[in-house]
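In what follows, chains are A, B, ... by sequence order, proteins preceding strands, each numbered from 1.
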Protein chains: 2
Amino acid sequence: MYDDWAERFRALGDTTRLRILSLLSVRDACVCELVELLPISQPAVSQHLRKLKQAGLVDEYRQKSWTFYRLRADMPLHIADWVRELKADESDVLWLQTHHVGALCTNRDT
Amino acid sequence: MYDDWAERFRALGDTTRLRILSLLSVRDACVCELVELLPISQPAVSQHLRKLKQAGLVDEYRQKSWTFYRLRADMPLHIADWVRELKADESDVLWLQTHHVGALCTNRDT
DNA sequence: TCACTATATCATTATATACTTATATCCTAG
DNA sequence: CTAGGATATAAGTATATAATGATATAGTGA
């Protein structure tokens, strides 16, 4: 009866995933960017993203060789309200504003 | 950084606890009433209530020999909004409306 | 006081979660 | 097509969680 909600809340019940959401609230990001910012391995990041996706909180799109994740626009209302107030750490915001994946990974610029 | 929120969401990330919240949104209830309504043992109910309490979502008060639990009035805003929309199962509502703990525990009412 | 009821805690167990490393898959460039 | 980077999946492990039955604690009322 409450399965979907429980799954959503479980997805939110982890500080790493909350940080990922805070990052995505600054801007969309690809997996390799999140890997740069988080203190865990690439597979761990991938697994967190999968949970967030299964919970309907993020979705993905491809651009060049990268898979970008973004907050889902159709996220349940109250969660969306909450996420909107989630403040990313200042240094994370700075990083996201001053880096772009092209520079990070192979080419330059977006 | 997001520890408190993660704990709250983890507390919400279980269907049994969501059902407990839905019950408490109908009216305050004591542990023995929740035990009647839920398909799990009394210790399990007690442990769920402890998690909800630690997460700041419910609190307790004593009345006669019973410990009643109620939704915390100062629950975080967005969660309170969400809980307000949580609909208890109709048969649960009926049970809560037609029973009271005095009848339950000392007499043997319907 | 004692007996009883209500609730909490303890010890244990099975399953879920979060991480790791290793490997597979998928793109895109050349 | 092939090489290499980007990402996902697999397998394994340690910790967390949710349940149980047994037991401890607390309050009530005779």
### Task
Calculate the interatomic distance between B:D59 atom CG and C:dT7 atom P; express it in whole Å.
15 Å

Listing time: all N or O pairs from protein to nucleotides 24-30 of chain C that are below 3.5 Å?
unit_1: C:dT28; atom_1: OP1; unit_2: A:K64; atom_2: O; d: 2.7

### Summary
In whole angstroms, the gap separating C1' of D:dA18 from CZ of A:F9 amounts to 19 Å

### Message
Looking at A:R19 and A:D92, is any side-chain nitrogen of the basic one under 4.0 Å from a carboxylate oxygen of the acidic one?
### Response
yes

### Query
To the nearest Å, how far apart are B:R50 CZ and D:dA19 C1'?
13 Å

### Task
Would you mind classifying the nucleic acid contact of B:Y69 as base, sugar-phosphate or nothing, using non-hydrogen atoms under 4.0 angstrom?
sugar-phosphate

### Task
Salt-bridge test for A:R70 and A:D59: reply yes if a basic N is under 4.0 Å from a carboxylate O, no otherwise.
yes

### Message
Just the rounded figure in Å: distance from C1' of D:dA6 to CG of A:L49.
### Response
13 Å

### Query
Just how large is the angle between the end axes of the helix from C:dT1-D:dA30 to C:dG30-D:dC1, five pairs per end, to 10 degrees?
30°

### Message
Is there a continuous path of hydrophobic side-chain contacts, each under 4.5 Å between heavy atoms, that joins B:M1 to A:L12?
### Response
yes

### Message
I want to check something: taking the side chain as every heavy atom from C-beta on, are A:H78 and B:E85 in contact at a cut-off of under 4.5 Å?
### Response
yes

### Separation of D:dA6 P from A:Y61 OH (nearest whole Å)
17 Å

### Query
Does any non-hydrogen side-chain atom of A:K53 lie less than 4.5 Å from one of A:L57?
no

### Query
Along nucleotides 13-23 of chain C, 5' to 3', which nucleotides get a B, which get an S, and which get a -, given that the test is a protein heavy-atom distance under 4.0 Å?
----SSBBBB-

### Query
A:D14 and B:Y2: side-chain hydrogen bond (donor to acceptor under 3.5 Å, both in side chains), yes or no, with the steps?
CA-CA 8 Å; A:D14 177 276; B:Y2 305 115; over 6 Å; no

### For atom CD of B:Q54 and atom P of C:dA8, their distance in whole Å
12 Å

#### Entry: Gap between atoms CG and C1', on B:L52 and C:dT7 respectively (whole Å)
16 Å

### Query
Roughly how far apart are A:K87 NZ and A:S25 OG, rounded to 0.5 Å?
8.0 Å

### Query
Using 4.0 Å as the upper bound for N to carboxylate O, is an ion pair formed by A:R72 and A:E60?
no

#### Entry: Contact summary for A:A6 and B:L18, nearest pair of heavy atoms
N-CD1, 3.7 Å

### Task
Hey, can you tell me if B:F9 and A:F9 have their rings parallel, tilted or perpendicular (30° and 60° cut-offs)?
parallel

### A:E33 and its side chain to side chain donor-acceptor pair (under 3.5 Å) partner, picked from A:H100, A:H99, A:R27
A:R27

### Task
Scan B:S46 against the nucleic acid and name what it touches under 4.0 Å (heavy atoms): base, sugar-phosphate only, or nothing.
base

